[in-house]
Amino acid sequence: MSKAARERSARERLAADRKRQAARQKQRRLLAIVLGSVVAVAVIVVGTVLVVDHQRKQGRAEVHQGATAPLTRQDDGSIVMAQPGVEKPVLEIFEDFQCPVCKQFEDATGETVLELAQQGKVKVVYRPFHLFGQQKDPIRINSLRAAEAALCVPADKWISYHKTLFRFQPAEGAKGFSPDDLVKWGKDIGITDANFEKCVRDEEKKPQVDAMTNYALQERGVQGTPSVFLDGREMDSTQFMNPAALRAVVDAAAASGK
């Protein structure tokens, strides 16, 4: 091999070595960026979880802002929300405050339900009950305590407390709805009746919750929550989980009833 050829070969090997070294350095930089991104995301996720947990523990219930139709508590424990003289159509909502899908329903369509009642287009009947009676704690006790506390709430505070229970709904399998929190949230929204705290802590409404649960499961054949009925007919979730669809169905029922 000539001297020129050897020099050319040496230059080519050196260039190849430099190219490989540059590629390794690029890989290390990319790996550092990826790892840094993963760590950053992990920090954000952990921080978010901690903030949400702190809010749940330290959170203050808020009074609902906005007009609503008049609310009345019925003898069976249900809450009726309707303008005077509005008897049909009737929208019945069977719910459990520990139910994640009930929270989704409240988040997606709760305001639409309030608006329809306030506009005099429908009579709403809230029927909370204890669906998770056969589950293990803490799901079982969370469900029961929330239902009992909801029945202790005066009718005029129902919407605020109803929203609060879904806002602070414990994650499935997590402890929550402690008596201290349930009492505190009631005071936050303006419940001043001294009997409210006793009602919550002594579980005074358990017999009524049991009766409402029996009514839902045995008499009405409710299989899960949320279950929504319009004039006695069970609605499909595609109708009541969508605000526009719910409004359309209620408007159609109101029109056919005239």
For this session: Without swapping roles, check the side chain of Asp193 against the backbone of Asn195 for a donor-acceptor pair under 3.5 Å.
Result: yes
Problem set entry | Residues which pass side-chain hydrogen bond (donor to acceptor under 3.5 Å, both in side chains) with Glu203, listed by chain and number, not counting sequence neighbours | none
Problem set entry | Joint hydrophobic cluster, Val249 plus Met241, side-chain heavy atoms closer than 4.5 Å | yes
Exercise. Would Ser237 and Gln239 count as a side chain to side chain donor-acceptor pair (under 3.5 Å) if you check the C-alpha gap in whole Å, the side-chain angles of each, and the deciding distance to 0.1 Å?
Worked result: CA-CA 5 Å; Ser237 62; Gln239 296 174 312; over 6 Å; no
Exercise. What is the minimum heavy-atom distance between Pro138 and Gly173, and which atoms define it?
Worked result: CG-O, 3.4 Å
Seminar exercise, completed: Between Val153 and Trp158 the two heavy atoms that sit nearest each other are CG1-N, 4.0 Å
For this session: Using modelled atom types only, decide if a donor and an acceptor are shared between the side chain of Gln208 and the backbone of Asp75 within a distance under 3.5 Å.
Result: yes
Exercise. Hey, does Cys99 have a side-chain heavy atom less than 4.5 Å from the side chain of Leu131?
Worked result: no
For this session: Quick one: do Thr238 and Asp236 satisfy side chain to side chain donor-acceptor pair (under 3.5 Å)? Show the steps, please.
Result: CA-CA 5 Å; Thr238 58; Asp236 186 85; 2.5 Å; yes
Exercise. Under 4.0 Å between a Lys/Arg side-chain N and an Asp/Glu carboxylate O for Lys103 and Asp107?
Worked result: yes
Exercise. Just wondering, do Val63 and Asp188 contact through their side chains at under 4.5 Å, heavy atoms?
Worked result: no
For this session: Classify the side-chain pair Asp96/Ser143 by whether it contains a donor and acceptor separated by less than 3.5 Å.
Result: yes
Problem set entry | Step-by-step side-chain contact (heavy atoms from CB on, under 4.5 Å) determination, Glu197 to Lys187 | CA-CA 9 Å; Glu197 180 168 356; Lys187 293 179 179 179; 3.5 Å; yes
Exercise. Would Val209 end up clustered with Tyr161 when hydrophobic side chains under 4.5 Å apart are linked, directly or stepwise?
Worked result: no
For this session: Decide side-chain contact (heavy atoms from CB on, under 4.5 Å) for Gln119 and Arg247; before the verdict, give the C-alpha distance in whole Å, the side-chain angles of both, and the deciding distance to 0.1 Å.
Result: CA-CA 11 Å; Gln119 294 165 359; Arg247 188 178 291 277; 3.2 Å; yes
Problem set entry | Close side-chain approach of Leu165 and Trp185, heavy atoms under 4.5 Å | yes
Exercise. Between Phe196 and Phe168, is there a shared hydrophobic cluster once you connect ILVMFWY residues whose side-chain heavy atoms come closer than 4.5 Å?
Worked result: yes
For this session: Decide yes or no for Phe129 and Asn214: does some side-chain heavy atom of the first lie under 4.5 Å from some side-chain heavy atom of the second?
Result: no
Exercise. Is the closest side-chain heavy-atom distance between Leu144 and Lys206 below 4.5 Å?
Worked result: yes
Exercise. Can a salt bridge be assigned to the pair Lys184 and Asp181 using a cut-off of 4.0 Å between side-chain N and carboxylate O?
Worked result: no
Exercise. How far does CG of Asn242 sit from CZ of Phe105, to the nearest 0.5 angstrom?
Worked result: 11.5 Å
Exercise. Is it true that the NZ or CZ of Arg220 lies under 6.0 Å from the centre of Phe229's six-membered ring and within 45 degrees of the ring axis?
Worked result: yes
For this session: Just do the side-chain contact (heavy atoms from CB on, under 4.5 Å) check on Thr112 and Val250 with the steps written out, would you?
Result: CA-CA 11 Å; Thr112 301; Val250 169; over 6 Å; no
For this session: Considering non-hydrogen atoms only, spot the tightest contact between Cys152 and Lys205 and give its length.
Result: SG-CG, 3.7 Å
Exercise. Taking Glu172 for the side chain and Ile139 for the main chain, is one N or O donor matched with an acceptor at less than 3.5 Å?
Worked result: no
Seminar exercise, completed: In terms of heavy-atom contacts, Ile141 and Asp137 come closest through N-OD1, 3.1 Å
Problem set entry | Minimal non-hydrogen separation, Phe240 against Thr109, with atom names | O-OG1, 3.0 Å
Exercise. Looking at OG1 of Thr164 and CD1 of Ile159, how far apart are the two atoms once the value is rounded to the nearest 0.5 Å?
Worked result: 11.0 Å
Exercise. Roughly how far, to the nearest 0.5 Å, is NE2 of His130 from OG1 of Thr213?
Worked result: 6.5 Å
Exercise. Would a hydrophobic clustering, with Ile, Leu, Val, Met, Phe, Trp and Tyr connected at side-chain separations under 4.5 Å, put Val228 with Phe94?
Worked result: no
Exercise. Could Arg127 and Glu95 be called an ion pair, given the rule that one side-chain N must be under 4.0 Å from one carboxylate O?
Worked result: no
Problem set entry | Of Arg60, Lys163, Lys157, the residue whose pairing with Ile189 passes side-chain contact (heavy atoms from CB on, under 4.5 Å) | Lys157
Exercise. What do you reckon, is CD of Gln74 surrounded by more than 12 foreign heavy atoms closer than 6.0 Å?
Worked result: yes
Problem set entry | CZ-CZ distance between Arg140 and Arg145, expressed to the nearest 0.5 angstrom | 9.0 Å
Exercise. Does any non-hydrogen side-chain atom of Val113 lie less than 4.5 Å from one of Ile93?
Worked result: yes
For this session: Without swapping roles, check the side chain of Ser227 against the backbone of Val222 for a donor-acceptor pair under 3.5 Å.
Result: no
Problem set entry | Atom pair CZ/CD of Arg201 and Glu148 - distance to nearest 0.5 Å | 13.5 Å
Exercise. Charged N to carboxylate O below 4.0 Å: is that the case for Lys121 and Glu115?
Worked result: no
Exercise. Looking at CD of Gln98 and CD of Gln169, how far apart are the two atoms once the value is rounded to the nearest 0.5 Å?
Worked result: 5.5 Å
Exercise. Using 30° and 60° as the class limits, which term best fits the ring planes of Phe166 and Phe97: parallel, tilted or perpendicular?
Worked result: tilted
Exercise. Which heavy-atom pair separates Met212 from Leu151 by the least distance, and what is that distance?
Worked result: SD-CD1, 3.7 Å
Per-pair distances, 0.1 Å, donor-acceptor, side chain in residues 80-91, under 3.5 Å, sequence neighbours excluded:
{"unit_1": "Gln83", "atom_1": "NE2", "unit_2": "Gln118", "atom_2": "O", "d": "2.7"}
{"unit_1": "Glu87", "atom_1": "OE1", "unit_2": "Lys123", "atom_2": "NZ", "d": "3.2"}

Problem set entry | Donor-acceptor side-chain pairing of Asp76 and Ser78 below 3.5 angstrom | yes
For this session: Flag yes if Tyr215 and Phe132 sit in one hydrophobic cluster, no otherwise; membership is Ile, Leu, Val, Met, Phe, Trp, Tyr, and two members link when side-chain heavy atoms are under 4.5 Å apart.
Result: yes
